[in-house]
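Everything below concerns the one structure shown next.
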Amino acid sequence: NAGVTQTPKFQVLKTGQSMTLQCAQDMNHEYMSWYRQDPGMGLRLIHYSVGAGITDQGEVPNGYNVSRSTTEDFPLRLLSAAPSQTSVYFCASSRDRGYEQFFGPGTRLTVL
Amino acid sequence: EDQVTQSPEALRLQEGESSSLNCSYTVSGLRGLFWYRQDPGKGPEFLFTLYSAGEEKEKERLKATLTKKESFLHITAPKPEDSATYLCAVLGKAAGNKLTFGGGTRVLVKP
């Protein structure tokens, strides 16, 4: 099993550009989440999904969109990148509520 | 709103010098408290889940304990490879699947 995979590993964008961060898991987990990690702020939840076709907002959803068309994939879209979105982004999955989340290796995003 | 506070922010230990990390939390009905380890440039790696006060879990030199207000991660006779950031997170009954993380404790173990 590859676990949770994320692409790309690094990305530099200019303000106003859009892009999609990819996340995939091969553990047949229903629950998937996107977090951002900033120095001094810890991990903050952006969006999450409890299954294919179902998504909801987390703590810091503004500027990001998600969709979940399959159990395996949960892409995160930045609509119009801003310098405030410079961060490290982690995708995670878990089999059910109350169970541990498995994290991907992260995407380091810089917005100039 | 669920809240998690970890202390200290950073901890320097000599190899073999045991210590404890604290995770204080407020939550509306605890579904679970999670400990993760994060190495630089990598994603968090799951260590333990604790579900109720009085529960304890152990793995090698790490032992996690839980009370109604806080959790401790005890590191016994640490080695340099235990150097990492340790993250605590809670899942509350009112929060659905939303984990709330603390800011983490950076641990450096010197040989």
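Computation of the quantities below employed the complete heavy-atom set of this structure, encompassing side-chain atoms and omitting hydrogens, waters and symmetry-equivalent molecules. Letters A, B, ... mirror the listed sequences (proteins, then strands); counts begin at 1. Keep in mind that this is a model prediction, so the values were computed, not measured.
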[X] and [Y]: which non-hydrogen atoms are nearest, and at how many Å?
X: A:Q101; Y: B:Y36; answer: N-OH, 3.0 Å
X: B:Q38; Y: A:F90; answer: NE2-CZ, 3.4 Å
X: B:F101; Y: A:Y35; answer: CE1-CE2, 3.7 Å

Going hydrophobic residue to hydrophobic residue with side-chain gaps under 4.5 angstrom, can you get from [X] over to [Y]?
X: A:Y64; Y: A:V66; value: yes
X: B:L66; Y: B:L62; value: yes
X: A:V4; Y: A:Y31; value: no
X: B:F72; Y: B:L50; value: no
X: B:V90; Y: A:L45; value: no

How long is the gap from [atom1] on [X] to [atom2] on [Y], to the nearest 0.5 Å?
X: A:E100; Y: B:E45; atom1: CD; atom2: CD; answer: 11.5 Å
X: B:L99; Y: A:S94; atom1: CG; atom2: OG; answer: 7.5 Å
X: A:F103; Y: B:L87; atom1: CZ; atom2: CG; answer: 8.0 Å
X: A:Y99; Y: B:F46; atom1: OH; atom2: CZ; answer: 11.5 Å

Exercise for review: Let me know if A:Q6 has heavy atoms under 4.5 Å from chain B in its side chain, its backbone, both or neither.
Suggested key: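 Interface part for A:Q6: neither.
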
Practice item. Let me know if A:Q57 has heavy atoms under 4.5 Å from chain B in its side chain, its backbone, both or neither. Key: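 For A:Q57, the backbone is the part near chain B, not the side chain.
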
Practice item. Please state whether the side chain, the backbone, both or neither of B:Y51 comes within less than 4.5 Å of a heavy atom of chain A. Key: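 The answer is the side chain of B:Y51.
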
